[in-house]
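Letters A, B, ... mirror the listed sequences (proteins, then strands); counts begin at 1. Predicted model, so just to flag it, every value in this text is computed and none were measured.
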Number of protein chains: 2
Amino acid sequence: MFNYQYPHPAVTVDCVVFGLDDAHSGGAAQRANRSTTAADGRDLTVLLIQRDLDPYSGAWALPGGFVKIDEDLEAAALRELEEETGVRDLYLDQLGAFGTPDRDPRERVITVAYLAIVNLFDHPVTAATDARNAGWFPVDELPRLAFDHDVILAAALDRLRATVRDEPIVFEFLPDKVTLRQVQATTEAILGEPLDKRNFRKKLLATGLIVPLDEVEMDVAHRAAQLHRFDRERYDALRAEGYRWNA
Amino acid sequence: MFNYQYPHPAVTVDCVVFGLDDAHSGGAAQRANRSTTAADGRDLTVLLIQRDLDPYSGAWALPGGFVKIDEDLEAAALRELEEETGVRDLYLDQLGAFGTPDRDPRERVITVAYLAIVNLFDHPVTAATDARNAGWFPVDELPRLAFDHDVILAAALDRLRATVRDEPIVFEFLPDKVTLRQVQATTEAILGEPLDKRNFRKKLLATGLIVPLDEVEMDVAHRAAQLHRFDRERYDALRAEGYRWNA
DNA sequence: ATATGATAGTGTATAATTGACACTATGTTT
DNA sequence: AAACATAGTGTCAATTATACACTATCATAT
């Protein structure tokens, strides 16, 4: 038992984990018929977990949990993510605190939400998540969510769309070696709108931050595309001097 | 006494209140020699309160306090601001949660920070604040701050500078009737850099959102400038259709 | 071998936006 | 009447954004 002179709210972290997933894959997640996006056959998806406890037992929810009393907020988000999904290396950015008094029927709970991005090419999360009744849902085919998680998710999507325009955040979704088509398709999947191929490539290459490699993609049933690498070191250096990405 | 099965952190709100203040004015705030900015004789300032209790007794801190157990976060921020400074109508935007485990030596305290802007032309806060040992400090002449408030303040300043470029947030600092000079000077004070007069005016007027009135400014020792009004209704309408401010 | 399908890769012309730059006008104060 | 302080105004060059369509290459199917 822990006592306080004044009532204290509980504090949790919740993560909106975005990924680029193909047609299906989420463990128990039953999926509606796919409305193919322009996104290279991959959708912008969110990782959800099916609750097995009340309240909202059976409903889908954002992965998250209570912050330990001596734990940093970001550390709590990373821990919960690893516990619930096995995900490790990922992009993590704080979205904000959500604290409407009645958002949890049990007690006052203030949650700090994080926006996370996982690279599903290098780290297939599916295996780890299948165990725990988790699933990837395309952002335009979401199930009903527990608590106020729909509001948090909407805020995360807004933030992701805003961020993709002024930070090279697309690469968080992709492997180290990428084709320009993948970059474009991913950007389109995030924004939900098509982009002009020639203009997109021109602008991307003009930054000098995406460098061609001596390699082409493999195992494709068509002409193989050149592979490129995003020069993060150089970007970080430029950024420190005031350079701003703009896509 | 309030008991919980698991330990709960305390939750507070803290406000970074920005204003546009002239040379001096803060109650007990002793000010260094002014390095005049380009900002029309007014500086971008932050409202701070001198603590009278430990920890950090005597140090300057952001206004803020504990969130009541059934109180919305934003409501708590507004309440604390009114209690401590008498400020009412203001712009308020959540900055994020700050929760490093040892940021408060007493117990685990997670704070939700807000960025606020007060219009010191219409609501002179000075009177109310003088009573409580508060003061306005120019952002480049800050005293040492309690807790991690320096970090929060730096984040707020970053956010303010980013926001001023893509939302018409300058007008939150200003009276309803403004001169173009005031708008420019305020923008410069926020960004901390000078802007080209003709280009600034051209761009501002080109939006069609700042409309000239049949009035000129008064009591100035030089040619009086035309007064203008920011058309917020029209902006909100355009914004809903995808329009983006850009300064 | 040949045809088909799928994506790679490339350039130009026009419009819109940004940025640099300096003088005259009007009112107040001395 | 002179000095001052700020208002108010336009052009040109450079950059950036946009619209737009065809040939090249590779794998696969016939």
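- For the pair A:Arg201 and C:dT10, the criterion of a side-chain N or O lying under 4.0 Å from OP1 or OP2 is not met.
- Considering only heavy atoms from C-beta on, A:Val183 stays 4.5 Å or farther from A:His228 through its side chain.
- In this structure, the side chains of B:Ile49 and B:Trp60 stay at 4.5 Å or more apart for every pair of heavy atoms.
- In this structure, CG of A:Leu227 is placed 11 Å from P of C:dA8, rounded to the nearest angstrom.
- Of all heavy-atom pairs between A:His149 and A:Asp14, the closest is NE2-OD2, 3.7 Å.
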Sugar-phosphate atoms are those with a prime plus P, OP1 and OP2; base atoms are the rest. Using that split, label each nucleotide of nucleotides 24-30 of chain D B, S or - for protein heavy atoms under 4.0 Å, 5' to 3'.
BBBS---
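- By the neighbour-count criterion of 12 heavy atoms within 6.0 Å, atom CG of B:Asp176 is sparsely surrounded, having that number or fewer from other residues, nucleotides or ligands.
- Rounded to an integer number of Å, the gap from CG of A:Leu204 to C1' of C:dA8 is 15 Å.
- In this structure, A:Leu195 atom CG and D:dA17 atom P are separated by 13 Å, rounded to whole Å.
- Between B:Arg229 and B:Glu215, the closest side-chain pair of non-hydrogen atoms is not below 4.5 Å.
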Per-pair distances, 0.1 Å, donor-acceptor, side chain in residues 152-171 of chain B, under 3.5 Å, sequence neighbours excluded:
from, atom 1, to, atom 2, distance (Å)
B:Arg159, NH2, B:Gln94, O, 2.6
B:Arg161, NE, B:Ile190, O, 2.7
B:Thr163, OG1, B:Arg159, O, 2.7
B:Arg165, NH2, B:Glu193, OE2, 3.2

Please write out the pairs of protein N or O atoms and N or O atoms of nucleotides 14-20 of chain C separated by less than 3.5 Å, giving the distance to one decimal.
from, atom 1, to, atom 2, distance (Å)
C:dG19, O6, B:Lys202, NZ, 3.4
C:dA20, N7, B:Asn199, ND2, 3.0
C:dA20, N6, B:Asn199, OD1, 3.2
C:dA20, N6, B:Lys202, NZ, 3.4

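- Of the candidates B:Glu188, B:Gln182, B:Arg181, B:Gln184 forms a side chain to side chain donor-acceptor pair (under 3.5 Å) with just one, namely B:Glu188.
- In this structure, the NZ atom of B:Lys197 is 14 Å from the P atom of C:dT24, given to the nearest Å.
- Atom CZ of B:Arg181 and atom P of D:dT9 are 15 Å apart (whole Å).
- One interatomic measurement links the two molecules: CE of A:Met218 to P of C:dA8, which rounds to 16 Å at whole-angstrom precision.
- A 4.5 Å side-chain heavy-atom check between A:Val16 and A:Val46 finds at least one atom pair inside the cut-off.
- Atom C1' of nucleotide C:dT7 and atom CD of A:Glu217 are separated by 8 Å, given to the nearest angstrom.
- Counting only heavy atoms from C-beta outward, the side chains of B:Arg234 and B:Leu209 approach each other to under 4.5 Å.
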